[in-house]
Amino acid sequence: MAKRYWLFKSEPDCFSIEDLAASPDQTAHWDGVRNYQARNLLRDDVKKGDEVLFYHSSAKPTGIAGLCVVSRAGYPDHTAWDPDSEHFDPKARPDNPIWYMVDVTLKKKLPETLPLKVLKETAGLEEMMVTQRGARLSVQPVRPNEWKIIRKLLRDYL
DNA sequence: GCCAACGTTGGC
DNA sequence: GCCAACGTTGGC
């Protein structure tokens with residue numbers, strides 16, 4: 001299977017690129033996804049070696065904060081059956097995990113966030129979910145040509 | 001804080 | 001299974 005590309009959204013108040021950079025081996029689990037469509041992607045489609053845009057939502061500014069790589073494919077999100085977790089789901093059990101997570105490892109923290117505004121103004125990114133209003137999915141596939149455009153943007157913009 | 005766009009829930 | 005009400009997300 002060819003390497004795929006993804007955009008993962010997180011509110012930096014909850015988990016930021018700085019938090020990932022400060023994690024052991026700059027690696028962390030991407031837990032707390034509680035949306036079935038995103039869950040299905042994490043469980044079935046996100047594979048080790050896939051590349052990820054780390055997106056800060058509800059931030060100043062909102063946009064791409066860094067690049068990561070998937071270091072472990074989907075496995076049960078144990079925070080779901082931890083009553084102390086913010087993302088506790090009373091229906092989840094170890095033998096019926098419901099929710100899944102992956103591990104991500106930091107590749108590059110950008111010196112500054114590439115703003116959503118710039119993505120919206122860039123030709124070729126019009127069909128990206130993140131540039132369309134109301135696209136709330138927290139795990140979004142990124143097309144290879146979009147990845148290429150964004151990599152070039154990152155070189156030119158920063 | 002506002003509000004549009006979703007997703008989920010629950011009565012029927 | 002429909003759909004209205006409600007809750008959440010997330011840009012602005």
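Proteins get letters first, then strands, A, B, ... in listed order; numbering begins at 1 in each. Not measured: the values here are computed from a predicted model.
Using a cut-off of 4.0 Å between Lys/Arg side-chain N and Asp/Glu carboxylate O, A:R4 and A:E51 are scored as not salt-bridged. Salt bridge status for A:D77 with A:R39: absent, with no side-chain N to carboxylate O gap under 4.0 Å.
Scanning for side-chain contact (heavy atoms from CB on, under 4.5 Å) contacts around A:D82 gives A:D84, A:S85, with sequence neighbours left out. A:K148 meets the side-chain contact (heavy atoms from CB on, under 4.5 Å) test with no other residue; sequence neighbours excluded. Among residues two or more places apart in sequence or in another chain, the side-chain contact (heavy atoms from CB on, under 4.5 Å) test is passed with A:T27 by A:D25, A:S71, A:D103, A:T105. Remark: A:P144 pairs with A:Y5 by the side-chain contact (heavy atoms from CB on, under 4.5 Å) rule, at least two apart or across chains.
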Distances under 3.5 Å only, N/O to N/O: pair up the protein atoms with those of nucleotides 7-10 of chain B.
unit_1	atom_1	unit_2	atom_2	d
B:dG7	O4'	A:R136	NH2	3.1

Pull out every protein N or O sitting under 3.5 Å from an N or O of nucleotides 2-4 of chain C, one pair per line with the distance.
none

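One interatomic measurement links the two molecules: NE2 of A:H56 to P of C:dG11, which rounds to 12 Å at whole-angstrom precision. Regarding A:R133, its CZ atom lies at a distance of 8 Å from the P atom of B:dC6, rounded to whole Å.
Residue-environment remark: CD (A:E18) exceeds the threshold of 12 foreign heavy atoms within 6.0 Å.
Of the residues in residues 115-122 of chain A, those lying under 4.0 Å from DNA chain C by heavy-atom distance are A:L116, A:K120.
Within the structure, ring-ring contact (aromatic ring centres under 6.0 Å, His included) pairs that include any residue of residues 86-132 of chain A comprise A:Y36-A:W99 (at least two apart or interchain). Applying the ring-ring contact (aromatic ring centres under 6.0 Å, His included) rule to pairs touching residues 105-129 of chain A yields nothing, sequence neighbours excluded. The list of side chain to side chain donor-acceptor pair (under 3.5 Å) pairs with a residue in residues 120-132 of chain A, not counting sequence neighbours, reads A:K117-A:E121.
Here the side chain of A:R93 pairs a donor or acceptor atom with the backbone of A:P90 at under 3.5 angstrom.
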Please set out all donor-acceptor pairs under 3.5 angstrom arising from side-chain atoms of residues 53-60 of chain A, sequence neighbours excluded.
unit_1	atom_1	unit_2	atom_2	d
A:Y55	OH	A:T62	OG1	2.9
A:H56	NE2	A:I17	N	3.1

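Using a 4.5 Å cut-off on side-chain heavy atoms (C-beta onward), A:L153 and A:L119 make contact.
The C1' atoms of five pairs define one axis at each end of the helix from B:dG1-C:dC12 to B:dC12-C:dG1, and these two axes lie 10° apart (to 10°).
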